[in-house]
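Below is one structure, written out as structure tokens, with a few remarks after it.
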Amino acid sequence: MPPRRRPHFTQEQIDQQLQQIHLLDPSSSSENLEQLGPIIKQIHSNRQQDAYLRTIQGLIESKDAEIERICGDNYQDFISSVSTLFTVKAYTDKMKENIASLDSNVSQLGKGLVEKKRHLLQNKKVAGNLDEAIDTLQACLRVLDVVDRVGQMIREGRYWSALRSLEDIQKLPAPTLSQTPFYQYISSSLPSLRTQIKDAVTASMKQWLLEIRNVSAEVGSLAMEAMETRVRRWRTRRERDPILRTSRVGSAVETITYEKTDFNVFDNDKLRVDFKPLYECIHIYAALNSLDELKKSYQADRKAQSDLIIPNPFSLSTLTTLTQEISGFFIVENHVLETTGNFRSERDVEELWDALVKGLTTTIERALSTETDPEVFLKTKECLINFLMTLEASSYSTGTLHSFLLLLFEKYAHLLEMQFSSMFGKIVQQDDHLPMRIDTNQELEVMLDSVWISESEKREIKQVFPPQTLPWSQTFYLCCCNIRSFVQKFYSFVESVSQTHHNVDEILNKSLDHLLIKHISETIRQRLSTITTLSQIAQIVTNLEHFQAACPELECSLNNLRSAQWSRIIKLDAASSFETTLHRSLARITELITSKLDQFFELSEYEWTPSTRESSPSMYLYELVNWLITVVDSLYIKEMYKDEAYKGALDYIAGCLIGFLTGRDILIINENAISNILIDVDFLEGELKRISRPHLTSAFAELRMTANIPLSDTVHEYLVPALRHTTYAAVKHKRLQALLEKLSKYGATQRDPALRELGEKRRKEAEAVGRLFPGEGR
């Protein structure tokens, strides 16, 4: 405020005020001096007391003059008044003294007031400075409190609040404080505090990463358990609903169903994983404009952790734990990818995934390189299939793993084939080749469910109540059981593998064919050479028939097991191998029969130049025929195969007889010997008719026709091409030539001219027959 201006009074205003003063009150016996007090105070307060006093003195003097005049005019009154005036003067002098004293007191009092006011102003200034200092100190205290609370919040893990508090520090101070060294020091320390917050939140995240690594296996275990439950649930539903047969876990239909019962691996009764440290760290780094630094650090840390997952050395016994840890690792990464915006790039995660999958497959392949047990491969597959299905649910690419599974499958199929080939070999070698016997209906049902036979044969077998003897031996039954086991194990490996099944079916086709051909059919073929019992060979023939018939049944069964979406049809080639082995078995029967027939022919004592013709067959033929009929008819094989056995035996007999007539062992022969041979042939044909097999007499057609040409003297007809190709088509010219030569030699050794002439004729006929085919030597 501006200083108050002093009031100024005119002479007229002063005179008016003094005239109003009555020093003597007629009604009072005392002087009326009190009226001067306010005037004096006013004069003092306005700092004009000196002027007022001089004015008052002048007035008093004028009053004295006036009084003298009045006294002169009013002497009498004057005299009376003089004393009063003296009194007044005395009082006036007194008053002057009082005024002077008062003036001194007022002056002294004014000086004190001025001093007090100066002190008061000084005190107010000091108080203002103190208030300002207090305000500044309070502001500093608030800043220091915030700084202290920042440290406390860092220790308590409230990093975002600490960072926000640092921002508040910049808003707290008044303008006067912001220029102080204290605040400048505080401001200079803010980067350090931000660094402390950054380091603290980074340490928190590092600790979280360590904890995540420790719980990754448990996260993966829970996820894989949930996937196993999901697979079982879907398999049960798929078995109830044939429409869903082609749908696998992860298909659209299954996914919609499973979403209703989704399981949170991060928040459940067994485990709770808090991602707050990571989110808070991302938030802090983003606020500090250092998110790229965190991204690189996080990627490096996760890369280092992923490199430590696969142990060295590695054991297949730890594969389950390893896949659980990998699953947990990448389920966490997928969750981070989905919940942190652009913090994690899909490319970074895919790089980690591809690297770890490559390391995993390489490690497993190395561990399995010397493994020979297919069950180990199957267990490895089961672990990997659950693993890849779990990661497929998190949208990871599993094509590499599926390809690796197919590679393992090929090795598994090879080992499985080797395992079963050994089994089949033992089954065939240890079989006693006797029909199997069934004592109960339960055994029969199990048996019929295990073997592949036609429905008509099943009905025939079921019509006979146990106990009964089945057509096949142990070889057929055990091989069927093992083939079922092989197929089951084969397809159990590729179950849930989503790659193309063309290769799988092709491998199964080749493996089954190899097992059936190499380790059953050819093993049986090899076994045949060591078996000399016809009944056992007959049982092998029956077994081979069933194996041959089982191939199309097996094909149908396998094609029904497969999904309708698989285009390749399984077609086995083993049936032709079993047919070949069947023919070899029948040939073995013939071989054993002919070996026995050799013994009979060793007993035969033909005379090749008899003088007369016999009227009855050779005696050895009776025993031969009885033995042959008994043996062949007792074989437990089809009639068509018995016919083949008879035909083989008769062809051998016919071959032996024609060998006598045209072979090189017998050098000379006459017509009587030929006639005797034909008598034996007549006997054999009669026996065939007796056992109702007249169609087998064709085995002797060549022998009979060749022998009848010289006996009926019809060589000239044979020389005619038209007749040779029609009437004598069964005759071989070499054999006829040899027979004629033997007859000519006989005639040449005789003395009878007629016989010698006949011998010469046979010689010429032999030469004529030889000229028919000049390029073919004997």
What's the verdict on side chain to side chain contact (heavy atoms under 4.5 Å, CB included) for Ser290 and Lys198, showing C-alpha distance, side-chain angles and the deciding distance?
CA-CA 10 Å; Ser290 302; Lys198 183 178 177 182; 3.8 Å; yes
Does any part of the side chain of [Y], heavy atoms only, come nearer than 4.5 Å to the side chain of [X], both counted from C-beta?
| X | Y | value |
| --- | --- | --- |
| Val332 | Phe275 | yes |
| Phe404 | Leu384 | yes |
| Arg213 | Ile309 | no |
| Leu405 | Leu407 | no |
| Phe329 | Glu333 | yes |
| Ser327 | Val219 | no |

Could you tell me whether a side-chain N or O of Thr380 sits under 3.5 Å from a main-chain N or O of Val376, the two making a donor and an acceptor?
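Judged by distance alone, yes, a pair lies under 3.5 Å.
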Ser297 side chain vs Leu294 backbone, donor-acceptor pair below 3.5 Å:
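No; judged by distance alone, with no hydrogens or angles, the pair does not exist.
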Is it true that [X] and [Y] make a salt bridge, defined as a side-chain N closer than 4.0 Å to a carboxylate O?
| X | Y | value |
| --- | --- | --- |
| Glu338 | Arg344 | no |
| Asp354 | Lys358 | no |
| Lys111 | Glu115 | no |

Heavy-atom pair with the smallest gap, counting every atom of [X] and [Y]:
| X | Y | answer |
| --- | --- | --- |
| Val265 | Leu222 | O-CD1, 4.1 Å |
| Leu337 | Ser345 | CD1-C, 3.9 Å |
| Phe387 | Thr323 | CD1-O, 3.5 Å |
| Val201 | Cys281 | CG2-CA, 3.5 Å |
| Met224 | Cys383 | CE-O, 4.1 Å |
| Trp208 | Asp274 | NE1-O, 2.7 Å |

With no hydrogens and no angle check, just 3.5 Å: does a side-chain donor-acceptor pair link [X] and [Y]?
| X | Y | answer |
| --- | --- | --- |
| Thr202 | Asp199 | no |
| Thr398 | Glu392 | yes |
| Gln305 | Asp301 | no |

Rounded distance [0.5 Å steps], [atom1] in [X] versus [atom2] in [Y]:
| X | Y | atom1 | atom2 | value |
| --- | --- | --- | --- | --- |
| Tyr298 | Ile282 | OH | CD1 | 7.5 Å |
| Leu319 | Thr363 | CG | OG1 | 10.0 Å |
| Leu352 | Asp307 | CG | CG | 8.5 Å |
| Ile331 | Ser216 | CD1 | OG | 9.5 Å |
| Leu278 | Leu209 | CG | CG | 7.5 Å |
| Gln299 | Glu351 | CD | CD | 6.5 Å |

Go through it in stages, so that I can follow the logic: the residues are Ile385 and Met389, the test is side chain to side chain contact (heavy atoms under 4.5 Å, CB included), and I'd like the CA-CA distance, side-chain angles, deciding distance and then a yes or no.
CA-CA 6 Å; Ile385 200 68; Met389 289 175 69; 4.2 Å; yes
More than 12 foreign heavy atoms under 6.0 Å from [atom1] of [X]: is that the case here?
| X | atom1 | result |
| --- | --- | --- |
| Arg118 | CZ | yes |
| Glu211 | CD | yes |
| Lys295 | NZ | yes |

How are the rings of Tyr396 and Phe330 set relative to one another: parallel (under 30°), tilted (30 to 60°) or perpendicular (over 60°)?
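Aromatic pair Tyr396/Phe330 classed perpendicular.
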Determine the sole option in Lys381, Glu228, Glu225 for which the side chain to side chain donor-acceptor pair (under 3.5 Å) test with Asn386 is passed.
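Of the listed residues Lys381, Glu228, Glu225, the side chain to side chain donor-acceptor pair (under 3.5 Å) partner of Asn386 is Glu228.
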Residues Val349, Arg302; criterion side chain to side chain contact (heavy atoms under 4.5 Å, CB included); working and verdict:
CA-CA 9 Å; Val349 178; Arg302 294 300 273 171; over 6 Å; no
For Asp267, give me all partners under salt bridge (charged side-chain N to carboxylate O under 4.0 Å, His left out), at least two apart in sequence or on another chain.
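Residues passing salt bridge (charged side-chain N to carboxylate O under 4.0 Å, His left out) with Asp267: Arg272.
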